Amino acid sequence: MRIVSWNCNGKFREKFKRIMIYDADVYIIQECENPSVISDEDYKKFASNSIWTGDNKNRGLGVFAKEDVCLTDKKWEDYCLRYFISCNINNEFNLIGVWAMRPYIEEYYVYQAIHKEKYDEKTVVIGDFNSNAIWDSSHGKRNHAAAVKELSEKGLVSAYHHLYKENQGEETVPTFYMYRKIVRSYHIDYCFIEPKRIHRMAIGRYEEWFDISDHMPVFIEF
């Protein structure tokens, strides 16, 4: 199973063919258009097996799967938290797609607190959390470290930190370049998964992606 998460920085209908180089089974895309209101036929075909959520038709959160993937919307209540998609893949595991809005990790922490009894070792949580441990002091008890700790109690770890043997907040490979500047780089996109399931993962290189987005794709195979 191959999964890619990418904040496309808008206009995904013009960019989706670039991300298809990963040949993923499932794509979690932040800042993408609602395919049901877009006239582009190629985009509609790409999105024929998808789930989308958002308040702005041009910038929402989407999960896009290959035609042979059984994608089922679990419809876990979000209580106006933004933006999360709960779905099941091939009747095998639950996937939580994330695009956390202000106040960022606090939004995700509350969503996780509401639904964590449904999380188990087969759950995959992936997306743009807009968060890093370096900002914990700005978020009180609903901070990045607290969310990561609760995920670890469910047997889930950040694939990047597990493979690269780095601590939270000490990442050497960024996923986001503010204003697309190398000097304003941060690690804010994650995939949480049971460590034994990880086969390989990668983060897109700045040189390959900065022309179309300030975020780098996160690739995971398991």
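If you're wondering where the values come from, they're calculated on a predicted model, not measured in any experiment.
Under the 6.0 Å cut-off for aromatic ring centres, Y190 and Y108 do not qualify, their centroids lying 6.0 Å or more apart. Between F64 and F12, the gap from one ring centroid to the other is short of 6.0 Å. The ring of Y177 has its center no closer than 6.0 angstrom to the ring center of F210. Remark: aromatic rings of Y22 and W6 are distant, center separation not under 6.0 Å. Aromatic ring centroids of F192 and Y119 lie 6.0 Å or more apart. Ring-centre distance between H187 and Y164: not below the 6.0 Å cut-off.
No side-chain heavy atom of I188 sits under 4.5 Å from any side-chain heavy atom of F129. Put simply, the side chain of L71 reaches to within 4.5 Å of the side chain of I89, judged on heavy atoms.
In terms of heavy atoms, Y160 sits closest to V173 at OH-N, 3.2 Å. Pairing each heavy atom of W52 with each of G60, the nearest pair is CZ2-CA, 3.5 Å. When all heavy atoms are compared, the tightest approach of S5 to I126 is CB-CG1, 3.6 Å. Nearest approach of A147 to Q112, heavy atoms of both residues: O-NE2, 3.3 Å. P195 and G155 make their closest contact through CD-O, 3.5 Å (heavy atoms, listed as atom of the first residue, atom of the second, distance). Of all the heavy atoms in W99 and N7, the pair that sits closest is NE1-ND2, 3.7 Å.
The side chain to side chain donor-acceptor pair (under 3.5 Å) with N132 is formed by just one residue from the set E171, Q168, E170; it is E171. A salt bridge (charged side-chain N to carboxylate O under 4.0 Å, His left out) with E33 holds for exactly one of R13, R59, K57; it is R13.
No continuous path of hydrophobic side-chain contacts links F176 to I182 [ILVMFWY only; heavy atoms under 4.5 Å]. Under the 4.5 Å side-chain heavy-atom criterion for Ile, Leu, Val, Met, Phe, Trp and Tyr, F16 and F219 are members of the same hydrophobic cluster. Linking Ile, Leu, Val, Met, Phe, Trp and Tyr whenever their side-chain heavy atoms come within less than 4.5 Å leaves L156 and V218 in two separate clusters.
The distance from the CD atom of E31 to the NZ atom of K11 is 12.5 Å, given to the nearest 0.5 Å.
A donor-acceptor pair shorter than 3.5 Å can be found between the side chains of Y83 and D55.
Using a distance-only test at 3.5 Å, with no hydrogens or angles considered, no donor-acceptor pair links the side chain of K74 to the main chain of L95. Here the side chain of N49 pairs a donor or acceptor atom with the backbone of K66 at under 3.5 angstrom. Within the 3.5 Å criterion, the main-chain N or O of P174 finds no donor-acceptor partner in the side chain of S185. R142 contributes no side-chain N or O that, together with a main-chain N or O of I105, makes up a donor-acceptor pair within less than 3.5 Å.
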- Task: Could you check V148 against S158 for side-chain contact (heavy atoms from CB on, under 4.5 Å), going step by step and ending with a plain yes or no?
- Result: CA-CA 8 Å; V148 171; S158 163; over 6 Å; no
